[in-house]
2 protein chains.
Amino acid sequence: MEKLTTSFFYNLEKTVKIYRQFFQNQFKINGFDITLDQWLILNTVAEYPDCTQNDIAEKVFKDKASVTRIIELLVQNGFLLRDIHPTNRRMFQLTITEKGLETIEKLTELVPQIRQKALEGIEPASVSAAQEMLAMIVQNCIPTSS
Amino acid sequence: MEKLTTSFFYNLEKTVKIYRQFFQNQFKINGFDITLDQWLILNTVAEYPDCTQNDIAEKVFKDKASVTRIIELLVQNGFLLRDIHPTNRRMFQLTITEKGLETIEKLTELVPQIRQKALEGIEPASVSAAQEMLAMIVQNCIPTSS
DNA sequence: AATCAATAGTTGATATATCAATTGTTGGTA
DNA sequence: TACCAACAATTGATATATCAACTATTGATT
C-alpha cells in the first residue's frame, strides 16, 4: 500500500487543516472573535434568511446537530437572535444582530483576501481543474448517487 | 465576494467530509469496528514502532492531545498495548496486539480499494497536478515557512 | 550534585462531527 | 375529527480538534 504521507487524501486533509488554521489565525490577527464555522453559518443565514436550520445544514454540509450548536453559540455571542417563527412553530426565526451585520460586512472584505493569499501563485486554470476533480470524487463517494 | 458554495475551499472541505464518510462506511460494511483516525494512528505506529507520540502527531498532522486520546481508545479497544518505555520514562512503549495486527493486515488490502473507488475515472495526471497545488497552498498557509 | 531548559505526555476547556433517539408541530388522510 | 407520517429542531453519547496549562523526566550546564 501507498505510504500514508503520499496518499492523495492524506494531503487533502492536511491542506484543509492548515488552511483552516491559517484562516482562523487571520480572523484572530484582525480582531475577529468568531470561529470559521460560526462565520460560515452566520454568512449562510445572511444569504438565505428564511431557511430552516436543516436547509442551512445541507448548504454548509454540516450535520443538523452541529448547526443547532453553532447557532447556539452565535446567539450566546451576540451575532444572532433566535425567536419563535411567526407561522411555523417547528422553526425558528433567525435575525442577525447589529454586531452580526458589522462582522459580516467586515469579513466580506477580509475573507477574499485570505483566500487569495492561500491561493497565491496558483493558476486559476489549476483551481478549476482541481474543482472538477473534487466534484468527481464527491460523485464517487456519495452513497445514494441520486 | 464569491458565493460560498463555489469557493474552492468550501469544495475542498466538502470533499474531505464526503470522502471520510465514504471511507468510514466502507470500514463498517466490511465489519471493521475502528474509526478512520484510529486506523491512521494504528498504522503509523506499525510503520514507525519507535516513534514518540509527538512524532506520530506530527506525521499524521494531528495535535498531540488528539493522539493521546486516540491511543487511549486504541488501547481500550484492544488494538494496542501501552507500557512504560524501558529506557526513557517520559515515553511509552507501544505494542500492537494480535487483533491490531490482523486489523492492519486486512485493512492494508481494503484501504487501497477504497481509495481507488474514490478516485475512479480520474486521470493520474490530474491527481498529481492537484497534489502539487495542495502543496503550494500548504506553503502559502504555513505560519513560519521554515 | 544542584539547577534548569527542553522533552514527552496528560488534562481541562471549548468547539465541532456524527449518529441515534426524542420532542413538538404540521399536514394529509381515513 | 382522530390518527399518523413527515418535518424541524434538540439532546445525549462518543470521537476528534485545538489551545493552554500542567506533571514528570531527561540531559546539559554550572
Side-chain angles (χ1 to χ4, degrees), chain A residues 13-14 16-25 27-28 33-42 45 48 50-77 79-80 82-94 143, chain B residues 13-14 16-25 27-28 33-42 45 48 50-77 79-80 82-94 143:
Chain A
E13 291 220 29
K14 176 177 167 180
V16 166
K17 275 190 197 174
I18 296 196
Y19 170 70
R20 286 182 73 90
Q21 284 172 8
F22 176 65
F23 208 102
Q24 191 65 64
N25 199 245
F27 275 16
K28 198 177 169 188
D33 197 21
I34 189 170
T35 68
L36 174 51
D37 292 301
Q38 286 168 21
W39 168 75
L40 187 63
I41 300 290
L42 183 61
V45 174
Y48 307 94
D50 297 322
C51 263
T52 66
Q53 293 183 191
N54 288 346
D55 287 339
I56 293 175
E58 207 177 324
K59 280 184 201 309
V60 300
F61 207 73
K62 288 183 185 300
D63 195 86
K64 58 186 178 164
S66 299
V67 171
T68 292
R69 283 159 188 149
I70 291 173
I71 285 180
E72 225 166 70
L73 288 173
L74 284 169
V75 171
Q76 265 179 44
N77 298 334
F79 296 102
L80 267 187
R82 184 168 51 173
D83 300 295
I84 294 168
H85 194 278
T87 66
N88 188 337
R89 268 186 297 174
R90 283 177 297 192
M91 298 172 55
F92 284 103
Q93 174 87 56
L94 297 175
Chain B
E13 291 220 29
K14 176 176 167 181
V16 166
K17 275 190 199 175
I18 296 198
Y19 170 69
R20 285 183 74 91
Q21 284 172 7
F22 176 65
F23 208 103
Q24 193 65 64
N25 199 246
F27 275 16
K28 198 177 170 187
D33 196 21
I34 190 170
T35 68
L36 175 51
D37 293 300
Q38 286 168 22
W39 168 75
L40 188 62
I41 300 291
L42 184 61
V45 174
Y48 306 95
D50 297 323
C51 263
T52 66
Q53 293 185 191
N54 287 346
D55 288 339
I56 292 175
E58 207 177 324
K59 281 184 201 308
V60 299
F61 208 74
K62 288 181 186 299
D63 194 87
K64 59 185 179 165
S66 299
V67 171
T68 293
R69 282 157 188 151
I70 291 174
I71 285 180
E72 225 165 70
L73 289 174
L74 284 169
V75 171
Q76 264 179 44
N77 297 334
F79 296 102
L80 266 187
R82 184 167 51 172
D83 300 295
I84 294 166
H85 194 278
T87 68
N88 188 337
R89 269 185 297 176
R90 281 177 299 191
M91 299 172 54
F92 284 102
Q93 173 88 57
L94 297 175

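We name chains A, B, ... by the order of the sequence lines, and we start the count at 1 in each one. Note that the coordinates shown come from a computational prediction; the quantities given were computed from them, not determined experimentally.
- Annotation: side chain of Tyr48(B) is not in contact with side chain of Asp55(B) (no heavy-atom distance under 4.5 Å).
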Item to check | B/S/- contact track for nucleotides 11-16 of chain D, protein heavy atom under 4.0 Å | outcome: BBB-SS

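- At least one cation-pi condition fails for Lys17(A) and Phe61(B): the charged atom is not both under 6.0 angstrom from the six-membered ring centre and inside a 45 degree cone around its axis.
- Distance Asn54(B) CG to dT11(C) P: 15 Å, rounded to the nearest Å.
- Taking a 6.0 Å sphere around CD of Glu58(A), one finds it holds 12 or fewer heavy atoms contributed by other residues, nucleotides or ligands.
- The shortest side-chain heavy-atom distance between Val75(B) and Leu94(B) does not fall under the 4.5 Å cut-off.
- In this structure, the CZ atom of Phe22(A) is 18 Å from the C1' atom of dT18(D), given to the nearest Å.
- Atom C1' of nucleotide dT18(D) and atom CZ of Phe27(A) are separated by 16 Å, given to the nearest angstrom.
- Between dA17(C) and Gln21(B), no contact under 4.0 Å exists linking OP1 or OP2 to a side-chain N or O.
- Contacts between residues 83-93 of chain A and DNA chain D, defined by a heavy-atom separation under 4.0 Å, are made by Arg90(A), Met91(A), Phe92(A).
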Checklist entry - Could you go step by step and tell me if Asp33(A) and Asn77(A) meet the side chain to side chain contact (heavy atoms under 4.5 Å, CB included) rule? => result CA-CA 9 Å; Asp33(A) 197 21; Asn77(A) 298 334; over 6 Å; no

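- OP1 and OP2 of dA8(C) both lie 4.0 Å or more from every side-chain N or O belonging to Arg82(B).
- Listed by chain and number, the residues in a side chain to side chain donor-acceptor pair (under 3.5 Å) with Asp63(B) amount to none (sequence neighbours excluded).
- By the 30° and 60° cut-offs, the orientation of the rings of Trp39(B) relative to Phe27(B) is perpendicular.
- The CD1 atom of Ile41(A) sits 12 Å away from the P atom of dA9(D) (whole-angstrom rounding).
- In this structure the side chain of Arg20(A) reaches within 4.5 angstrom of the side chain of Asp37(A), judged on heavy atoms.
- Lys28(B) has its NZ atom 8 Å from the C1' atom of dC19(C), to the nearest Å.
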